[in-house]
Amino acid sequence: MFAVMEDALSPMSEALAEAEAAALMGEVPVGAVIVEAATGRVLSRAGNRTEADRDPTAHAEILAIRAAAASRGQPRLPDCDLYVTLEPCAMCAAAISLARIRRVYFGAYDPKGGAVEHGPKWFAQPTCLHRPEIYGGIEEGRAAGMLRAFFAARRG
């Protein structure tokens with residue numbers, strides 16, 4: 001488990017960079033990266049674009065899954081890992097399951113909107129057809145700090 005966590009730091013840093021870029025555009029700072037597990041090659045990366053695209057489904061995870069699937073010309077990514085800065089919501093968890101992602105590494109936990117460790121706990125439901133391995137809390141301090149700063153500035 002420890003080696004898996006250490007291997008996750010570099011892709012999670014890339015996801016954090018995507019989250020920072022999203023924040024600069026006024027989006028909730030969430031970033032995602034999809035990596036081929038065997039090679040470590042990045043297939044896609046994205047930050048939230050719900051405001052820019054005027055699309056409530058334009059979450060970083062959804063955008064990254066779409067791009068990775070398009071680059072491979074196939075709807076499933078069973079040999080790929082997703083790195084995302086925030087615990088996925090129910091919509092994103094469903095997309096992760098449908099894409100057959102191998103592992104999900106996430107940064108900050110989301111007690112309010114998360115659906116992996118909180119809320120509906122999507123992957124624990126009997127109707128969930130694919131359950132990826134889950135590793136939470138990767139770079140949690142950086143990811144959570146970015147979100148706190150973003151929302152504090154908006155309230156400010």
Side-chain angles (χ1 to χ4, degrees), residues 1-23 27-50 56-69 76-154:
M1 172 92 156
F2 184 70
V4 169
M5 299 294 242
E6 274 190 8
D7 292 344
L9 294 179
S10 177
M12 186 58 80
S13 291
E14 292 185 48
L16 286 161
E18 290 295 324
E20 288 171 359
E27 302 281 355
V28 174
V30 177
V33 172
I34 294 183
V35 175
E36 283 183 336
T39 65
R41 181 172 70 104
V42 173
L43 291 178
S44 64
R45 64 187 80 228
N48 272 359
R49 287 200 319 251
T50 58
T57 69
H59 289 197
E61 301 96 306
I62 299 291
L63 298 171
I65 290 168
R66 286 177 185 160
R76 285 172 281 290
L77 306 165
D79 59 338
C80 295
D81 298 337
L82 169 69
Y83 297 82
V84 61
T85 59
L86 182 64
E87 177 183 349
C89 69
M91 174 184 69
C92 293
I96 289 163
S97 181
L98 291 169
R100 309 292 195 267
I101 300 282
R102 183 182 81 124
R103 287 183 179 155
V104 174
Y105 299 88
F106 69 86
Y109 290 84
D110 186 0
K112 183 177 176 185
V116 175
E117 299 290 333
H118 297 90
K121 297 184 181 177
W122 186 266
F123 302 119
Q125 297 302 316
T127 54
C128 180
L129 301 177
H130 171 75
R131 293 167 179 83
E133 292 178 34
I134 303 293
Y135 299 93
I138 312 291
E139 295 282 356
E140 180 179 8
R142 282 182 62 196
M146 194 181 310
L147 287 158
R148 275 193 302 275
F150 176 81
F151 287 112
R154 291 184 68 102

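Not measured: the values here are computed from a predicted model.
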Quiz prompt | Pairs meeting criterion side-chain hydrogen bond (donor to acceptor under 3.5 Å, both in side chains) with involvement of residues 29-46, two or more places apart | solution =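 Every pair satisfying side-chain hydrogen bond (donor to acceptor under 3.5 Å, both in side chains) with a residue in residues 29-46: Glu14-Arg45, Glu36-Thr39, Glu36-Arg41, Glu36-Arg72.
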Practice problem: For Asp81, enumerate each residue passing the side-chain hydrogen bond (donor to acceptor under 3.5 Å, both in side chains) test, keeping only those at least two apart in sequence or located in another chain. | Solution: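 Asp81: side-chain hydrogen bond (donor to acceptor under 3.5 Å, both in side chains) contacts with Arg102.
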Exercise. Check side-chain hydrogen bond (donor to acceptor under 3.5 Å, both in side chains) between Thr50 and all other residues, then give those that pass, not counting sequence neighbours.
Key: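 Expected list: Glu27.
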Indicate every side-chain donor-acceptor pair of residues 141-152 with a distance under 3.5 Å to a residue at least two apart or in another chain.
none

Quiz item: What closest approach, in Å, do Ala58 and Leu63 show between heavy atoms, and which atom pair accounts for it?
Solution: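 Taking every non-hydrogen atom into account, O-CD1, 3.6 Å.
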Quiz prompt | Exercise: identify the closest heavy-atom pair between Leu82 and Ile101 | solution =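 For Leu82 and Ile101, the tightest heavy-atom pair comes out as N-CG2, 3.8 Å.
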Cut-off 3.5 Å, no hydrogens considered: what does the side-chain donor-acceptor table look like for residues 112-124, sequence neighbours left out?
unit_1	atom_1	unit_2	atom_2	d
His118	ND1	Glu87	OE1	2.8
His118	ND1	Glu87	OE2	3.3

Self-check item: Under the side chain to side chain contact (heavy atoms under 4.5 Å, CB included) test, residues paired with Cys92 that sit two or more places apart
Solution: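 Once residues adjacent in sequence are excluded, the partners of Cys92 under the side chain to side chain contact (heavy atoms under 4.5 Å, CB included) criterion are His59, Glu61, Ile62, Pro88, Cys89.
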Please confirm whether the backbone N or O of [Y] pairs with a side-chain atom of [X], one donor and one acceptor, at under 3.5 Å?
X: Asn48; Y: Pro29; value: no
X: Thr85; Y: Gly31; value: yes
X: Arg100; Y: Cys80; value: no

Quiz item: Are Thr57 and Arg66 side-chain neighbours, meaning at least one heavy-atom pair lies under 4.5 Å?
Solution: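 Touching, per the 4.5 Å side-chain cut-off.
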Practice problem: Any chance you could measure Ile34, atom CD1, to Leu43, atom CG, to the nearest 0.5 Å? | Solution: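 Interatomic distance, Ile34 CD1 to Leu43 CG, rounded to 0.5 Å: 7.0 Å.
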Self-check item: Interatomic distance, Tyr83 atom OH to Tyr105 atom OH [nearest 0.5 angstrom]
Solution: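 Interatomic distance, Tyr83 OH to Tyr105 OH, rounded to 0.5 Å: 4.5 Å.
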